[in-house]
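Notes follow the structure.
Residues take their numbers from the sequence shown, with the count starting at 1. Atom set for the values below is all heavy atoms of this structure, side chains included, hydrogens, waters and symmetry mates excluded.
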Amino acid sequence: MPIDKLTPLLDKKLHELAASGRLKGDETVTVGMVEPADGKGPRYLIEGHGNRPFLRMNSNSYLGLSFATRVLEAEEEAVRRYGSGPGAVRFISGTWAPHVKLEKRLADFHGRDAAMLFSSAYATVMGVLPQLITDSTLVLSDALNHNSIINAIALSRPAEKRVYDHLDYNEIMRQLGAFTKKCKRAVIVSDGVFSMRGDHARLDELMRLAKLFHPLYAEGVIVVADDSHGVGAFGKTGRGTEEVCGGAHVDVLIGTLGKAFGVNGGYVTAATSIIDYLRETSPFYIYSNPITPGEAEAARVAVDRVDSAEGEGLLAHLSAMGVRFRNGLAKLGLETIPGEHPVVPLMVRDTERTKQLVAHLRDSGILATGLAYPVVPKGEDEIRFQISADHTGDDIDAALAALAAFAEAHAATA
C-alpha cells in the first residue's frame, strides 16, 4: 500500500520539530577510542572528523567500566562458552547460567531477596509498573519523572493519577490523604536521581509517608524508585540514592546495567513475592529476549568491581571530579543546580544560545549535549555535563577553559 497520504503528515511534523528547535537531528557516530595519556583521560574519534580526538562529557558510563579489561574479558569468555545471543525468551530456552548468577548478585548487592533482568531499564519500568497498578490504584508521580515512568503509568490506567510538584512531599501527603476511601492501593513512583538535573529524591521521606498511610489503604502503599542514574555512581559504595538517603530501602527498586556498570540491560529487585509475580505477569519479561549471556557475565564482573575497595576508589575520584567541575562553574559565574551526583547541568535557559555553546564546545574538542523542551521544561534549556571516573583534573580544566572562552567572547559582543 503506498504511503503517499502519510508522508506529507510525517514531513510536516518533522518540520514543526525543526522550527521549534526540538529536532534532535543526526546522531554523532563514534568510530574509535584513544587510550589515556599525558594526564588526560580517554578520547574518542567521531565520524567526519578524521583523527581529531574528543573529550566525552555526555556519557552515562560514570565509572568507565565499559572499557575495563576484566569486564571485556568476562564478556568474551562467556560469548565463547554460551554463544552470542540467548536464543529465545527465557521461559522457552533463553535462561543461561550467567542470567541466574547476575540476578543473585544484584539482589545481594542491594540487600534484597530477589532480582530479575530485563532487556533495558526502559523495558523494566514498562514491565513492572503496569503489573503493580490496578483500576483501584492511586498513582503519585514526580513532575520530573523519566519518560518511561510517564508512559508506564499511561499504559496502566490507574483509578487516579496525580503528578506532584518536583520533590513536594507535602503535596504527596495531601494526595495520599484525599483518596483513602476511593482507592484500595497507592503507588508512589519516583526517579532516584533525576537525570536532567542531577538532584535526587528523598527516598527515606517517601518511605516514611508510605508507612504513615499504609494502614489507611486496603491494599497498602508501596514506593517504586527508578534509580538508573544513581546505582553504581552515587553513594560511597555505589548503592545509589538509597545509600545517600541513609540506607532507606524502597519496596521496588529499578536499576540499569547500561550506565555506571558499563554494559547493557535493566533489572528490578524486591521481595521474592513481587519478583515471582512479575516473572509470571510482565510481558516485557515474558515475551522479550533477555540480555545476552556475555552481557550478563560482564555485568556481574562490573558489579563485583563496584563492590570492592577499587570500586570505592573509583567512586571517590568520580566525586572529586564532580566537585572540581561544579566549583569551576561557580567561579565562572555560571548557573548550575546544586548536587553531589556526576550529572552537572549548566543552565543556559535559551534554546539558541544552548545550540551555540554546544557547537563551541565541539569546536573545542568536547562532546556535550544540549537539552531543550520537551526533554526539559520550557525555559530550562541546559547542557547536561556528565562527569566520569575516566576524567582527570586536566580534562575538567579543559572543559572549564572552553566555557570561559565562550563566555568571554559573548561578553565582548554583547
Using a 3.5 Å cut-off and no angle test, enumerate the donor-acceptor pairs between side-chain atoms of residues 383-392 and protein atoms at least two apart in sequence or in another chain.
| residue | atom | partner | partner atom | Å |
| --- | --- | --- | --- | --- |
| Arg384 | NH1 | Ser195 | O | 2.9 |
| Gln386 | NE2 | Asn60 | OD1 | 2.3 |
| Ser388 | OG | Ser61 | O | 3.3 |
| Ser388 | OG | Asp390 | N | 3.0 |
| His391 | ND1 | Ser388 | N | 3.1 |
| His391 | NE2 | Arg56 | O | 2.9 |
| Thr392 | OG1 | Gly39 | O | 2.7 |
| Thr392 | OG1 | Asp394 | N | 3.3 |
| Thr392 | OG1 | Asp395 | N | 3.2 |
| Thr392 | OG1 | Asp395 | OD2 | 3.3 |

Against Val128, only a single residue in Val189, Val268, Ile133 fulfils side-chain contact (heavy atoms from CB on, under 4.5 Å); can you say which? Val268

Using 4.0 Å as the upper bound for N to carboxylate O, is an ion pair formed by Lys236 and Glu243? no

Does CZ belonging to Arg157 count more than 12 external heavy atoms closer than 6.0 Å? no

Taking the six-membered ring for Trp, are His166 and Phe194 parallel (under 30°), tilted (30 to 60°) or perpendicular (over 60°)? perpendicular

Sorted by chain and residue number, the salt bridge (charged side-chain N to carboxylate O under 4.0 Å, His left out) partners of Asp276 (sequence neighbours excluded) come out as none

Residues in side chain to side chain contact (heavy atoms under 4.5 Å, CB included) contact with Arg324, at least two apart in sequence or another chain: Met321, Ile396, Asp397

In terms of heavy-atom contacts, Asp204 and Cys245 come closest through CB-O, 3.6 Å

With a 3.5 Å distance limit and no angle check, can you tell me whether Thr292 reaches the backbone of Gly85 through a side-chain donor-acceptor pair? no

Sidechain-backbone polar pair: Thr7 side chain, Ile3 backbone, donor-acceptor under 3.5 Å: yes

So Phe67 and Tyr44, would you call those rings parallel, tilted or perpendicular, with 30° and 60° as cut-offs? tilted

Specify the closest pair of heavy atoms between Met116 and Leu278, including all atoms of both residues, with the distance to one decimal. SD-CB, 3.5 Å

With sequence neighbours excluded, what pairs up with Glu380 under the salt bridge (charged side-chain N to carboxylate O under 4.0 Å, His left out) test? Arg197

Once side chain to side chain contact (heavy atoms under 4.5 Å, CB included) is applied, do any residues pair with Pro36, and if so which ones, sequence neighbours excluded? Pro42

Is there a side-chain contact between Glu340 and Phe234 (heavy atoms, below 4.5 Å)? yes

pair Arg305-Leu314: side-chain heavy atoms closer than 4.5 Å: yes

I'd like to know whether the aromatic ring centres of His110 and Tyr267 sit less than 6.0 Å apart in this structure. yes

Please list, chain by chain and in numerical order, all residues satisfying side chain to side chain contact (heavy atoms under 4.5 Å, CB included) with Arg105, sequence neighbours excluded. Asp108, Phe109, Arg300, Val303, Asp304, Asp307

I need the minimum non-hydrogen distance between His249 and Gly111, along with the two atoms involved. CE1-O, 3.6 Å

For a quick test of reading the model, state the closest non-hydrogen atom pair linking Ser141 to Asn145 and the distance between them. OG-ND2, 2.8 Å

Donor-acceptor contacts under 3.5 Å from residues 68-82 side chains, at least two apart:
none

Output yes when a side-chain donor or acceptor of Asp251 lies under 3.5 Å from a complementary backbone atom of Val223, and no otherwise. yes

Is atom CG of Asn51 surrounded by more than 12 heavy atoms (other residues, nucleotides or ligands) closer than 6.0 Å? no

If you take all heavy atoms of Leu132 and Thr137, which pair is closest and at what distance? O-OG1, 4.4 Å

What are the two closest heavy atoms between Leu329 and Val344, and how far apart are they? CD1-CG1, 3.8 Å

Applying side chain to side chain donor-acceptor pair (under 3.5 Å), which residue pairs with at least one partner in residues 171-182 are found, sequence neighbours left out? Glu160-Lys182

For Asp26, is the CG atom crowded, meaning more than 12 foreign heavy atoms sit under 6.0 Å from it? no

Quick check against the 3.5 Å criterion: does Thr256 have a side-chain atom that pairs as donor or acceptor with the backbone of Gly258? yes

If you take the centroid of each ring, where Trp contributes its six-membered ring, are His49 and Phe54 closer together than 6.0 Å? yes

Could you list the residues that satisfy salt bridge (charged side-chain N to carboxylate O under 4.0 Å, His left out) with Glu205, not counting sequence neighbours? Arg208

Donor-acceptor check, side chain of Ser156 to backbone of Ala152, threshold 3.5 angstrom: yes or no? yes

Using modelled atom types and a 3.5 Å cut-off, is there a donor and acceptor pairing between side-chain atoms of Thr336 and backbone atoms of Leu346? no

Ion pair check, Glu103 and Arg112, cut-off under 4.0 Å: no

How would you list all residue pairs meeting side chain to side chain donor-acceptor pair (under 3.5 Å) that involve residues 115-130, not counting sequence neighbours? Tyr122-Asn147, Tyr122-Asn151

Please tabulate, for the side chains in residues 224-232, all donor-acceptor contacts under 3.5 angstrom to protein atoms that are two or more places apart in sequence or on a different chain.
| residue | atom | partner | partner atom | Å |
| --- | --- | --- | --- | --- |
| Asp226 | OD1 | Ser228 | N | 3.1 |
| Asp226 | OD1 | Ser228 | OG | 2.7 |
| Asp227 | OD1 | Val193 | N | 3.2 |
| Asp227 | OD1 | Thr241 | OG1 | 2.7 |
| Asp227 | OD2 | Thr241 | N | 2.8 |
| Asp227 | OD2 | Thr241 | OG1 | 3.3 |
| His229 | ND1 | Tyr62 | OH | 2.7 |

Would you say Val376 and Leu371 make side-chain contact, with heavy atoms under 4.5 Å? yes

Glu335: salt bridge (charged side-chain N to carboxylate O under 4.0 Å, His left out) partners, not counting sequence neighbours: Arg349

